[in-house]
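All remarks here apply to the structure that follows.
For ligands, and for the atoms within them, numbers begin at 1 and follow the listed sequence. Just so it is clear, the structure is predicted and the values come from calculations on it, not from any experiment.
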Amino acid sequence: MSIQVSQNEIFHAFSESLDLIDRRIYNHHNDVAYIALKLASALDLSQKDIKEITIASLIHDIGVFTADDRVKLTDYAFEDITNHGEIGYQLLMSLTGFDKIALLVRYHHDDYPNLIEKPEYNLYSNLIFLADRIAVLIDKSEFILNQVDQIKYRITSDQDVKYMGEYVNAFLSLSRQEEFWLNLTTDRHKEIIMTVLKPDAFIRDINALFDISKLFILAIDFRSSYTASHSIGVSKVARAIGQLLGYDHDNLDILEISGYFHDIGKLALSKELLDKKSILSKNEMLQIKSHSFYTMEILSKIKGFEEIKSIASSHHEKLNGKGYPFKRSNLTEKEMILCIADIFSALTEERPYRSHTNIAFAKEILLSEGNDGKLDLNLIQIVIDHMEQLSQINHHYQALAAKQYSDLQEAISKGA
Ligand SMILES: [Fe+2]
Ligand SMILES: [Fe+2]
Ligand SMILES: [Fe+2]
C-alpha cells in the first residue's frame, strides 16, 4: 500500500478519542501527556525517554472502558477497583515493539514504595502517576493560577508516600512558572506534545499499519462484548468483495483498514449504551447514530488517512440520502462496499438480542436495501452470488478475533 502515516499522529488521534466518552474528562490524556513531558524535561531525561513517557501518557487509561469508571478516576484519592493499568498493559502487549510503553501503563497508579517491589518496574510510571494526579487536581472551571498553592500542598503531602521525592521536587520548581500552567488553558499544550513527538516514526509498511490497527480494534471491541469480533469481520468481508471486483492490492488494503476503523467513533459512546440489550430510547438511538460522525472526527486527525476516513465514516450512509449522519447520496464504490460489508457482517454474526440469523434472511435484507434505492443493486447482486464464501470468511476471522479476545481476558484475570 502506498501509504505514509505518522505513528504518533495515530496515537494522538486515538488518545483524544479516549476522552470523548465524557465531557468531564475532556482532554485528560493530553493534559497528562503535557505535564509528564514537562516533568521529564525538567529532570533532564533523554529525548527517547521523554518520547516514550509522552506516548504512554497519551494512552495511559486505555484500559478503562466505562464513562463512570473514567469519571471516578478524577477523584484524587480514588481506589482502583477496575485494575485498568493491568488491562492497558495486556492490550498494549498485543502490539509488537510496545513492551516498554506497556510497562509504563501497567504501573501508572502504583505508589512509589510499592512500585519498586514490582518485578519489572520502570520508575517513569511514577512520573506518569504524578502527572495524572496533578491533572485531576486542576479544576477547569476556575482560574488555574489560583489553584497552584492548593495543588502543591496536596502533592507534597504525598511526597515519598505516593511519588518519588525527586519527581515532586521537579514539579515544585516547574510550578513556579506561570507558563507551565497557562499552557494547559489553551491548545498550546497540544502543540508542545506534537513538537516533542517529532521527528516521528513513519509507518510505510502495510503490515505495521495492520498491527497498530489491532490495538484500536481491541480497544473498541473490548468495550462491548457483542462487537468483540465485528470490526475484523467487516474489514475481511470488504476486502473479499473488493477481490471479487478485481481491485488491486492498494485498494484492497484501503478497504481492509477502513473496515478496521469504521466503528472507532464508538469510543465516544458508553459501554452501558453499547451493551444495552433492551429496546433503545429515542435519545439513546440518536447517541448510537452519532458514532460514525466521531469516526470521521477521529480519523481526520491523521494525515494520509483522507480516503480511509471517508470510507470508514460513511458506513451508515444510503444512496437515497437517508442514511446518517452526513446524509450523503454520492457514495463511491469503496464506500458502498463497506456499507454492504457492515450490514452483511452484522446480519450473519451473533448478537446479544438474537441468537442466530441465517443467510436467507441476510439475502432478503440486502435485496430490499438495493430495491429501495439505498445501496447499489449491482454490488448487492455480486455479494448475494457469493454469499456462502463471504459468510465463511466472516466466520473464520470472527472466530479468530473471539479467541484473541478470550485469551486477552484470561491474561488480564491472571495478571490481576
Ligand atoms: Fe489511570
Ligand atoms: Fe488518567
Ligand atoms: Fe457502525
The Fe ion (ligand 1) - closest N/O/S atom in His109: NE2
His108 atom (N/O/S) at minimal separation from the Fe ion (ligand 1): NE2
Shortest non-hydrogen contact from Glu284 toward Ile279: OE1-O, 4.4 Å
Exercise: identify the closest heavy-atom pair between Ser17 and Leu267: OG-CD1, 3.3 Å
Parallel, tilted or perpendicular, as decided by the 30° and 60° cut-offs, for the rings of His315 and His262: perpendicular
Parallel, tilted or perpendicular: ring planes of His316 versus His291, cut at 30 and 60 degrees: perpendicular
Close aromatic pair by centroid cut-off 6.0 Å: Tyr112 and Tyr167: no
Enclosure of Tyr397 OH (heavy-atom neighbours >12, cutoff 6.0 Å): no
Considering only N, O or S atoms of [X], the one closest to the Fe ion (ligand 2):
X: Asp132; value: OD1
X: Asp61; value: OD2
X: His28; value: NE2

Check: His60 side chain, Ala33 main-chain N or O, donor-acceptor pair, under 3.5 Å: no
Angle subtended at the Fe ion (ligand 3) by NE2 of His316 and NE2 of His315, nearest 10°: 80°
Residue His262, metal the Fe ion (ligand 3), N/O/S under 2.8 Å: no
The Fe ion (ligand 2) to nearest N/O/S of His29 less than 2.8 Å: no
Considering only N, O or S atoms of Asp263, the one closest to the Fe ion (ligand 3): OD1
